[in-house]
Each structure stands twice: as structure tokens, then as C-alpha cells.
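Report on the following structure.
Atom set for the values below is all heavy atoms of this structure, side chains included, hydrogens, waters and symmetry mates excluded.
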Amino acid sequence: MAATELETLYYERAADGVVLLTLNRPERGNGVVPEMAADLLAALTDLERDTAVRCLVITGAGRQFSAGADLKAMRAYLDEVFPTTREPYNARVLFPVTQRLVASRLPAIAAINGGATAGGLDFALACDIRICSTAAKLGETYINLGLPPGNGGSWFLPRLVGSGLAAELALTGEIVDARRALEIGLVNRVVEPEELIPAAVELGARIAAKPWRALEATKNALRSTWQVDLATSMSSGYWAVSALHHGPDLEEGIDAFLERRPPRFDRG
């Protein structure tokens, strides 16, 4: 896959089954504007159609992952548009991005290269896995602008770090460094800056090598447990497991294990 460039991002094949998507507004800290929301939805639509794509790695160009809302654009919106619409800046255009990323068939890895604050942190939290560099700074900083979390943070944070730490982060707007983020479970691992993309892509390649049906079923099962009780989760899991008994991957996985060879899963 040749690099595909949109107005605010670009994406390219990084390994077999893995696409690296880079937010590309470095001069504005990869701040979110409506055009970026539209580009993200367009990119997800394109990538989900490609059955050769199995995993997505998301990072930011320059020194920031994403600083959240572009405050210069937000100031102009408040002056020029809000008096007429009375609609919060970016809210309606961002809601579908968060929900689409969570619901996507593609496991998503956030490779957090620098600052990830407010909506930028929420975007990383919507990914399935987070790896950050030692240069990363993370914060649920909406409160510093006089706002509550606006793009899923109040839902993601308690499930990742617990209600007490979520409250502390959201109510103080504290920015934590990479070490602290790892300590509290906000990220999966921390690596040196030059190792970030290789580490994320390597993890993505390990995921992409698994059978695609099981990948989709597993992501769906993990996400659904955030919303249902144990009995409902186990019932859904039973039927997903039952359905995949009829596909080719289960027998191949068992045979490969017994024959002590790498599995040759259906790449369909």
C-alpha cells in the first residue's frame, strides 16, 4: 500500500497486515479540527474495507500525539459560529470518531509519541492498546478550560485506572509522565522514543498474524464486557466460540500446535 494522504493525516502499510496512521498537523500539536474528524472516518472506512489490513497503529507527526481541540480554531468558532448554533465545538463531529474506533473490526494501538491531552488523550483511550515513549505526557485536562471530559474520557478512564484515580486526573487536570502513566495502567508499556513505532508495529504484526475471524470476535468480546454483566458476556462468548468452530482456523490452530509448526491461517 502506497501512502495515502488526506488533509490532516496520512496512512501507509507498516508490516504485513498492519497500517500506520499518522495525525499530521504538527504545527498545531495535531490539534483536532472538524477536518481531522472527517479524515479519520474516511480512513477507517477505507481500511476496514481492505481485508488484508488486520491491525491499526495510530501516532502523531512531530512532537505531539494530539493536544486535543485546536484552541485557536476553537476560539474562532466561539466568536463566529457558536452565537448562532449554540453547539459545543467539535462535539458532534468527534462523537462518531470515538464510537467508530471502538466498534471497528481493526484492533487499534495508540503509539503515543508526545503530549496526549484532553480530546487527544480520549482518542488514545479509545484505542485497544497504548504504548508511549518516555517523552509522552498524558492528561485529562478539560477542567483547565472550564469543561468536563467531552469525548469519552469519563467513560474510559474509570475502566482503565479505577474510579479514584480517574476522579483525581479529571478533577485536577494533572499531566502525568510516561512512568506514572505505566504505573497506574493508563498505558501498556513505555519505550524510548526511537523504539516507539517499531515496538508498536511489531506488536501490531503479532496481532495481525492471528486468524482474522478470531481477532474480530475477541475485540468485540473484550469491548462488550465493559457494558454487560458476567452472565451476558459468557453467553455471548459461547455463541462466538460456537460459530468459529465451523470455520477453518480452529482445526488449523490445533493441527499446527500438535505438529509443532507455525499455523497457516486463512488470510481471506
Closest heavy-atom contact between Asp79 and Arg75?
OD1-NH2, 2.8 Å

Side-chain donor/acceptor of Asp249 to backbone N/O of Phe265, under 3.5 Å
no

Leu215-Leu222 co-clustered via ILVMFWY side chain contacts under 4.5 Å:
no

Gap between atom SG of Cys55 and atom NZ of Lys210 - 0.5 Å precision:
12.5 Å

Check the hydrophobic clustering (I, L, V, M, F, W, Y; side-chain heavy atoms under 4.5 Å; chains of links allowed) and say if Leu44 and Leu20 are grouped together.
no

Donor-acceptor contact present, side-chain Tyr142 to main-chain Gly119, <3.5 Å:
yes

CZ on Arg63 to CG on Asn30, rounded to 0.5 Å
12.5 Å

Indicate if Ile131 and Ile58 have the same hydrophobic cluster label, given that clusters are the connected sets of ILVMFWY residues with side-chain heavy-atom separations under 4.5 angstrom.
no

Side-chain heavy atoms of Val97 within contact of Val32, under 4.5 Å:
no

Minimum heavy-atom distance between Leu41 and Pro96, given as atom pair plus value
CD2-O, 4.0 Å

Identify each donor-acceptor pair in which a side-chain atom of residues 160-169 lies under 3.5 Å from a protein atom, sequence neighbours left out, and give them as a table.
none

Taking every heavy atom of Leu106 against every heavy atom of Leu47, the minimum-distance pair comes out as CD1-CB, 4.0 Å

Atom CG in Leu23, atom CG in Leu6: separation rounded to 0.5 Å?
11.5 Å

Establish whether Tyr10 and Val53 are linked, either directly or via other cluster members, by ILVMFWY side-chain heavy-atom contacts under 4.5 Å.
no

Side chain proximity check, Leu40 to Leu21, heavy atoms < 4.5 angstrom
yes

Any pair with a residue in residues 250-260 that passes side chain to side chain donor-acceptor pair (under 3.5 Å), sequence neighbours left out, goes on the list, sorted by first then second residue, please.
Glu252-Arg261, Glu259-Arg261

Hey, is the main chain of Ala221 close enough, under 3.5 Å, to the side chain of Ser224 for a donor-acceptor pair?
yes

Quick check against the 3.5 Å criterion: does Asn113 have a side-chain atom that pairs as donor or acceptor with the backbone of Gly62?
yes

Given Leu138, which partner from the list Asp177, Ile175, Val176 fulfils the side-chain contact (heavy atoms from CB on, under 4.5 Å) test?
Val176

Heavy-atom closest pair, residues Pro83 and Arg86
O-NE, 3.7 Å

Residues that Thr84 engages under side-chain contact (heavy atoms from CB on, under 4.5 Å), provided they are two or more places apart
none

Let me confirm one number: the CG-OG1 distance from Leu9 to Thr4, rounded to the nearest 0.5 Å.
10.0 Å

Heavy atoms of Ala118 and Thr141 approach each other most closely as N-OG1, 3.4 Å

For the atom pair NZ (Lys137) and OG1 (Thr117), what is the distance rounded to the nearest 0.5 Å?
12.5 Å

According to a 4.5 Å side-chain heavy-atom criterion applied to Ile, Leu, Val, Met, Phe, Trp and Tyr, with indirect links allowed, do Leu121 and Trp155 form part of one hydrophobic cluster?
yes

Atom pairs and distances, donor-acceptor, side-chain atoms in residues 181-209, under 3.5 Å, two or more places apart:
unit_1: Glu183; atom_1: OE1; unit_2: Arg180; atom_2: NH1; d: 2.4
unit_1: Glu183; atom_1: OE2; unit_2: Arg179; atom_2: NH1; d: 3.4
unit_1: Asn188; atom_1: OD1; unit_2: Arg130; atom_2: N; d: 3.1

Are Pro149 and Leu157 packed together at the side-chain level, in the sense that at least one heavy-atom pair is separated by less than 4.5 angstrom?
no

Identify, with sequence neighbours excluded, every residue that meets side-chain contact (heavy atoms from CB on, under 4.5 Å) alongside Arg28.
Arg25, Asp70, Lys72

By the side chain to side chain donor-acceptor pair (under 3.5 Å) test, which pairs, at least two apart or in different chains, include something from residues 96-108?
Thr45-Arg100, Glu48-Arg100, Glu48-Ser104, Thr98-Asn151

Would you say Thr22's side chain and Asn24's backbone share a donor-acceptor pair under 3.5 angstrom?
no

Non-hydrogen atoms of Phe65 and Ala111 that approach each other most closely
CD1-O, 3.6 Å

CG of Leu125 to CG of Leu101, rounded to nearest 0.5 Å, is 11.0 Å

